[in-house]
K.L.:
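First, the structure itself, so that you have it in front of you.
Just so it is clear: chains get the letters A, B, ... in the order the sequence lines come, proteins before strands, and each one is counted from 1.
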2 protein chains.
Amino acid sequence: MSTAAAGPAVGDPGARPVVASTPGERTVVTGRQREECPVTAVLRRVGDKWSPAVLRLLGERPHGYNELDRAIEGISRRVLTRTLRALEAEGYVRRAALGAPPARVEYSLTDQGASLRELLFVLGQWAIAHRPGPVLEAETTSD
Amino acid sequence: MSTAAAGPAVGDPGARPVVASTPGERTVVTGRQREECPVTAVLRRVGDKWSPAVLRLLGERPHGYNELDRAIEGISRRVLTRTLRALEAEGYVRRAALGAPPARVEYSLTDQGASLRELLFVLGQWAIAHRPGPVLEAETTSD
DNA sequence: CAGCATCCATTGCGATACTG
DNA sequence: CAGTATCGCAATGGATGCTG
């Protein structure tokens, strides 16, 4: 996978083969391509400030609303709600209302959400290997 | 890789093993963890509006500044500059000034940038497989 | 050609009071 | 417990004129 690939590319929509690379031909990224690009869509969805934390916690086990609120240091309820709704709309998170007042709601990952979390895990492996200058080796498990 | 993993998790910093999962123990994502998490860092860097397009074009071949400006429909020079500077600061993009006026500058991917592009390609595979409801099959190469 | 400076619009995020 | 309503601040993005 070290050469420029055929098939879908970053900035490209769906299953369309890459348009360009005719010698002398200039590739242009149109607004439509950008908006429809699935890569960009996912990145912008989980690239916000709190989604990774939510996905991480729900990946461990289901959580209630206030439970999430307490588990994520610094988040406001307003934003937590927005984040959950957004993840739910994308099909990554499931919301289940249990029982009458005192209303209990449980948030959990869908299969897609779990799959996404695995993907982010891979991304994490890459980030640790490529991001900082050299790899930190003095890292211990102590506090 | 279908079970919750040991090793770095989304929301976790560096190479530290996951802290929690003691039964009954509540995992808390602290502000520090969030800020230092390499996954979040990468996501927020390339999860902006234009970075994917830039990476895609530079992945094909090096580009000049105005060349990028023309190739990316809808971007403003202000934002293009900011995006390039940000990618450069992270070590994904290299800026090379060539010759005297009329100043020519060439932007290209570093090794890290190329690696990142491959990663985004993988992300694209995943997105196409998991994102839309059913897979669009009526997709043709026609305009 | 490759930007920077300025100004404005939109969006994201944070704090907090209140409600079923 | 699980949110919504309101407000204000900060960051992002957009348009464009000017410069070496």
K.L.:
Within the structure provided, determine whether B:W126 and A:V122 are in side-chain contact (heavy-atom separation under 4.5 Å).
P.N.:
no
K.L.:
Once you round it to whole Å, what is the distance between P of D:dG3 and CG of A:D69?
P.N.:
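Value for this atom pair: 11 Å.
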K.L.:
Which nucleotide sits closest to the side chain of A:V79: C:dC13, D:dG13, C:dA2?
P.N.:
C:dC13
K.L.:
Round to the nearest Å and state the distance from B:R78 atom CZ to D:dG17 atom P.
P.N.:
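Whole-Å distance recorded here is 16 Å.
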K.L.:
Measuring to OP1 and OP2 of D:dA11, would you say a side-chain N or O of A:K49 lies under 4.0 angstrom away?
P.N.:
no
K.L.:
Identify whether any heavy atom of B:D48 sits under 4.0 Å from a base atom; if not, whether one sits that close to sugar-phosphate; answer base, sugar-phosphate or nothing.
P.N.:
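If one applies the 4.0 Å heavy-atom cut-off, B:D48 turns out to touch the sugar-phosphate alone, with no base involved.
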K.L.:
Atom CZ of A:R44 to atom C1' of C:dG12: distance rounded to whole Å?
P.N.:
11 Å
K.L.:
If you check the B:R70 side chain, which of D:dG14, C:dC13, C:dC1 turns out closest?
P.N.:
C:dC1
K.L.:
Under 4.0 Å between any heavy atoms, over every strand shown, what does A:R77 touch: base, sugar-phosphate, or nothing? Just pick one.
P.N.:
base
K.L.:
Quickly work out the B:L84 CG to C:dC4 C1' distance and round it to whole Å.
P.N.:
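After rounding, the reported distance stands at 14 Å.
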K.L.:
What is the distance, rounded to the nearest whole Å, between atom CD of B:E67 and atom C1' of C:dA2?
P.N.:
13 Å
K.L.:
Could you verify whether a donor N or O on one side chain and an acceptor N or O on the other, from A:Y65 and A:T81, lie under 3.5 Å apart?
P.N.:
yes
K.L.:
Please report, rounded to the nearest Å, how far the C1' atom of C:dT19 is from the CG atom of A:N66.
P.N.:
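Roughly 14 Å, once rounded to whole Å.
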K.L.:
Are B:R61 and B:E67 ion-paired here, with the side-chain N under 4.0 Å from a carboxylate O?
P.N.:
yes
K.L.:
Using whole Å, report how far CZ of A:R95 lies from P of D:dA2.
P.N.:
9 Å
K.L.:
Does C:dG3 have OP1 or OP2 sitting under 4.0 Å from an N or O in the side chain of B:Y107?
P.N.:
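Checking B:Y107 against C:dG3: at least one side-chain N or O falls below 4.0 Å of OP1 or OP2.
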K.L.:
In whole angstroms, how far is the P atom of D:dT12 from the CD1 atom of B:I75?
P.N.:
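One finds 15 Å between P of D:dT12 and CD1 of B:I75, rounded.
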K.L.:
Is there side-chain contact between A:L109 and A:R94, with at least one heavy-atom pair below 4.5 Å?
P.N.:
no
K.L.:
Is the NZ or CZ atom of B:R34 both under 6.0 Å from the centre of the six-membered ring of A:W50 and within 45° of that ring's axis?
P.N.:
yes
K.L.:
For D:dT12 and B:W50 - does any side-chain N or O of the residue sit under 4.0 Å from the phosphate oxygens OP1/OP2?
P.N.:
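No, outside the criterion.
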